[in-house]
Amino acid sequence: MVSTILGRKLGMTQVWSEDDNLLPVTVIQAGPCTIAQIKSEETDGYAAIQIGFGDISDKHVNKPMAGHFAKAGVAPMKYLREVRVDDPSQYNLGDQVTVEAFNEVKRVDVTGISKGKGFAGVMKRYNFGGGPGGHGSHFHRIPGSVGMCATPSRVLKGLRLPGHMGNERVTVRNLEVISVDTEQNLLLVKGAVPGGKGALVTVRQALSER
């Protein structure tokens, strides 16, 4: 059984738990995903399947993509991702991976691209405390000293400085699965996941359960 599925973040809401607690949940449209390629040790050196998700218009499908999908006998899809499997012979081209695979899963890891925040200073980006707020101070929101005047006389690599914030790959681990709706392909997980509404996310069975 495939333990990974692609989906789209629809947004957040609240649901009541069985013990009458109000839980914040993220609603994910998980699949259905179609298997577009099967890789084996003999042909590719490793075992994996390629799953696709999302509709795409014909004008955005180039010739190499069209040939790839035509070879598999499936309709073109917007997103493609590889999933490692133990035995690729269990799968066939065109098979569907649905949210039903998560019926017995209690916790998942969700990966997505975080919201971009643009250029940010150290106080916003790294939660620096900043300097005094009085008018006589000339040190308010700047990072302060970043180098040294003697050996090695340079700014060390990895120093936390202002720069681009967000818009990076983020994984949130061990999110509790609250509900699985197989009819509407919906997966409800407790808490927040990376990205804005409509963002692509990858949902995997948590490492602690594999």
If I compare all heavy atoms of [X] with all of [Y], which pair ends up nearest, and what's the gap?
| X | Y | value |
| --- | --- | --- |
| F119 | P162 | CZ-CB, 3.8 Å |
| A75 | F69 | O-CD2, 4.0 Å |
| P32 | T98 | CB-CG2, 4.2 Å |
| P88 | D86 | CD-O, 3.8 Å |
| P24 | M12 | CB-CE, 4.4 Å |
| V2 | I49 | CG2-CD1, 3.6 Å |

Give, for atom [atom1] of [X] and atom [atom2] of [Y], the distance between the pair rounded to the nearest 0.5 Å.
| X | Y | atom1 | atom2 | value |
| --- | --- | --- | --- | --- |
| D58 | N62 | CG | CG | 12.0 Å |
| L80 | M65 | CG | CE | 7.0 Å |
| L188 | E176 | CG | CD | 11.5 Å |
| L93 | T34 | CG | OG1 | 11.0 Å |
| S114 | M165 | OG | CE | 8.5 Å |
| S17 | I178 | OG | CD1 | 8.0 Å |

For N167, enumerate each residue passing the side-chain hydrogen bond (donor to acceptor under 3.5 Å, both in side chains) test, keeping only those at least two apart in sequence or located in another chain.
-> none
Under 3.5 Å, is there a donor-acceptor pair between the side chain of [X] and the main chain of [Y]?
| X | Y | value |
| --- | --- | --- |
| N92 | D95 | no |
| D44 | Y46 | no |
| K9 | V27 | no |
| H140 | G130 | no |
| S153 | A150 | yes |
| T26 | G191 | yes |

Hey, quick one: are [X] and [Y] part of the same hydrophobic cluster, counting side-chain heavy atoms closer than 4.5 Å, chains of contacts allowed?
| X | Y | value |
| --- | --- | --- |
| L186 | V201 | no |
| V15 | V108 | no |
| V155 | I142 | no |
| I113 | L10 | no |
| V172 | V105 | yes |

When [X] is tested against each of [options] for side chain to side chain contact (heavy atoms under 4.5 Å, CB included), which residue passes?
| X | options | value |
| --- | --- | --- |
| Q50 | R81, M77, H68 | H68 |
| V110 | T171, L175, L187 | L175 |
| Y91 | V97, V85, I51 | V85 |

Can you confirm whether [X] sits close enough to [Y] that some side-chain heavy atom of one is under 4.5 Å from a side-chain heavy atom of the other?
| X | Y | answer |
| --- | --- | --- |
| V122 | R160 | no |
| R8 | F53 | yes |
| K39 | E82 | yes |
| V189 | V25 | no |

Within residues 118-135 or reaching into it, pairs that qualify as side-chain hydrogen bond (donor to acceptor under 3.5 Å, both in side chains) - sequence neighbours excluded = none
With a cut-off of 6.0 Å (strictly less than), are more than 12 heavy atoms of other residues, nucleotides or ligands near NZ of K190?
-> no
Return yes when atom CG of N103 has more than 12 non-hydrogen atoms of other residues, nucleotides or ligands closer than 6.0 Å, and no otherwise.
-> yes
List the steps, then state whether side chain to side chain contact (heavy atoms under 4.5 Å, CB included) holds for W16 with L23.
-> CA-CA 6 Å; W16 289 99; L23 303 177; over 6 Å; no
Could you go step by step and tell me if F102 and I5 meet the side chain to side chain contact (heavy atoms under 4.5 Å, CB included) rule?
-> CA-CA 9 Å; F102 291 82; I5 195 170; 3.4 Å; yes
Could you go through the side chain to side chain contact (heavy atoms under 4.5 Å, CB included) check for V177 and K106 one step at a time?
-> CA-CA 5 Å; V177 176; K106 296 182 179 179; 5.9 Å; no
Give the intermediate values and the outcome of side chain to side chain contact (heavy atoms under 4.5 Å, CB included) for residues F128 and R141.
-> CA-CA 8 Å; F128 277 24; R141 300 183 66 89; over 6 Å; no
Is a salt bridge present between R173 and D109, judged by a nitrogen-to-oxygen distance below 4.0 Å?
-> yes
